[in-house]
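Residue numbers begin at 1 in each chain, while the letters A, B, ... track the order of the sequences. What's counted below: heavy atoms across the whole structure, side chains too, no hydrogens, waters or symmetry copies.
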Amino acid sequence: MAKIKIDREKCKGCLLCVSVCPKGLITQAEKLNKKGVKPAQFSRRAISSEGGTPLKAGKKGGACLGCSLCAVICPDCCIEVWK
Amino acid sequence: MIKKINNHPKSLRKIPTHYCAGCGHGLAHRLIAEVVDELGIREKVIAIAPVGCAVVAYDYWDFDCSEAAHGRALAVATAIKRVRPDNIVFTYQGDGDLAAIGTNETIHAANRGENLTVIFINNAVYGMTGGQMAPTTLLQQKTATTPKGRDQKLHGYPLKISEILALLPGVKYIERVSLHSPQEITKAKRAIKQAFTNQIEGLGFSLVEVLSSCPTYWGLSPNQALSWMREVMVKEFPLGRIK
């Protein structure tokens, strides 16, 4: 089962990863990081509003594919992909 | 057992950059670092950093770098390459650096057919100085110095430096790529790799024009900026191999 790890302190909150995730598993965190921005966060299961804003609510859910699209588009190398 | 499938490039330091959220410079830096790692030229490569937002690129790349005065990166690169022909020398320049103040150096270095690689970041605006109009700004595009949009009667047309350079016999390879989607980013990396390979093989002047986003001075969110590139910018600056 694939997963990603997002470096929440390095993330600048541009949310480009949110826009490319085919499963809609990345959301914006509610809690600020030390930079003072709300970073992206990964949830293993389908989106819920718990702990994150459901930016892509209603999009087809499912587990992470390990497709790396988020890591490819991240301008700040914040995302590690595990597969 | 799951394994990590993407590694942080060795040629890129693990420090946060000063770029705004969603800026294309971070992506371009990473693509170059990945290409340098893959070609195994980290000990031989010398980068010339520009003046502009990427002026401190030497803080982020973990290989030899030099800084040049505004627009003069290709003049400095020419000198370094002629003195040290075994090194792989590339310049990393924005549109204000390469296409405005450095047009002279750019055209003459290309015309001499110097065996160099140029990574030209085109985001259609001056970033470091506060979002003023660049030569590559699109018609009707609003900037700090064109608040009603760029008017061709007053400001002329967007400068297509890649098409101009493609006319010169000294130029070996020119390709325009974009960073607006993961697919295009993959193509951009392939083009950058080709440009470095050309220099290793001694083929001559290679330039990759990378369309990049500037959400801050376009006044858009990072996602809207990518949509704007896809829908507007790519029509003015068509992608693909130019020479």
Side-chain angles (χ1 to χ4, degrees), chain A residues 1-29 32-42 44-45 52-57 59 63-83, chain B residues 1-34 53-54 60-62 121 123 178-190 210 212-216 220-227 229-230:
Chain A
M1 188 164 165
K3 64 172 181 175
I4 61 166
K5 282 183 186 170
I6 300 175
D7 185 339
R8 79 182 304 277
E9 293 307 328
K10 210 175 167 193
C11 176
K12 294 172 181 168
C14 70
L15 305 181
L16 295 180
C17 51
V18 175
S19 71
V20 296
C21 179
K23 297 292 182 186
L25 296 175
I26 310 176
T27 52
Q28 187 171 22
L32 301 174
N33 65 10
K34 283 177 190 161
K35 283 197 182 81
V37 298
K38 291 180 177 173
Q41 67 177 12
F42 173 67
R44 264 179 184 276
R45 293 193 187 81
T53 316
L55 288 178
K56 279 180 133 185
K59 194 145 184 178
C64 176
L65 300 168
C67 67
S68 301
L69 293 181
C70 52
V72 169
I73 208 162
C74 178
D76 296 290
C77 291
C78 303
I79 301 179
E80 282 179 3
V81 184
W82 295 70
K83 193 176 182 183
Chain B
M1 184 67 186
I2 56 173
K3 286 181 190 163
K4 191 159 83 162
I5 58 168
N6 68 328
N7 288 312
H8 196 283
K10 284 196 177 82
S11 298
L12 196 66
R13 293 198 174 99
K14 287 185 179 174
I15 53 171
T17 62
H18 72 286
Y19 301 120
C20 308
C23 176
H25 274 305
L27 267 174
H29 285 17
R30 191 189 79 214
L31 295 183
I32 291 169
E34 285 176 357
C53 281
Y60 305 139
W61 286 317
D62 203 356
I121 308 294
N123 58 10
S178 175
L179 300 179
H180 67 250
S181 69
Q183 292 79 10
E184 297 297 332
I185 293 167
T186 312
K187 285 185 198 168
K189 184 175 168 185
R190 203 178 306 146
V210 183
S212 170
S213 69
C214 181
T216 303
L220 301 170
S221 75
N223 272 312
Q224 288 169 331
L226 295 196
S227 305
M229 284 171 76
R230 196 179 301 124

Any idea which heavy atoms bring [X] and [Y] closest together, and the distance?
| X | Y | result |
| --- | --- | --- |
| H18(B) | K12(A) | C-NZ, 4.3 Å |
| S181(B) | I73(A) | CA-CD1, 4.3 Å |
| N223(B) | C14(A) | ND2-O, 4.4 Å |

Discussion item. Pair N6(B), S68(A) - check side chain to side chain donor-acceptor pair (under 3.5 Å), show working.
Written reply: CA-CA 8 Å; N6(B) 68 328; S68(A) 301; over 6 Å; no
Practice prompt. Check whether L31(B) gets within reach of chain A through its side chain, its backbone, both or neither, counting any heavy atom under 4.5 Å.
Written response: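 For L31(B), no heavy atom lies under 4.5 Å from chain A.
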Worksheet item: What residue in P16(B), G22(B), C23(B), P215(B) has the most heavy-atom pairs under 4.5 Å with chain A?
Response: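 Among P16(B), G22(B), C23(B), P215(B), the one with the most close pairs to chain A is G22(B).
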Practice prompt. Select one option (side chain, backbone, both, neither) describing which atoms of I79(A) are under 4.5 Å from chain B's heavy atoms.
Written response: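 I79(A) touches chain B through backbone heavy atoms alone.
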Worksheet item: Where does K83(A) contact chain B at under 4.5 Å (heavy atoms): side chain, backbone, both or neither?
Response: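 For K83(A), backbone and side chain are both near chain B.
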Discussion item. Using the rule side chain to side chain contact (heavy atoms under 4.5 Å, CB included), only one of L27(B), L179(B), T17(B) pairs with P75(A); which is it?
Written reply: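 So the option named by the test is L27(B).
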Worksheet item: Do you know which of H8(B), K14(B), H29(B) makes side chain to side chain contact (heavy atoms under 4.5 Å, CB included) with C77(A)?
Response: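 Single pass found, and it is H8(B).
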Discussion item. How long is the straight-line distance from OG of S221(B) back to CG of L16(A), given to the nearest 0.5 Å?
Written reply: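 Reported to 0.5 Å precision, the distance equals 8.5 Å.
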Worksheet item: When rounded to the nearest 0.5 angstrom, what is the spacing between CD1 in I5(B) and CD in E80(A)?
Response: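 It is 11.0 Å, given to the nearest 0.5 Å.
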Fill in: V72(A) side chain reached by R30(B) side chain, heavy atoms, under 4.5 Å
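Answer yes - side chains close enough.
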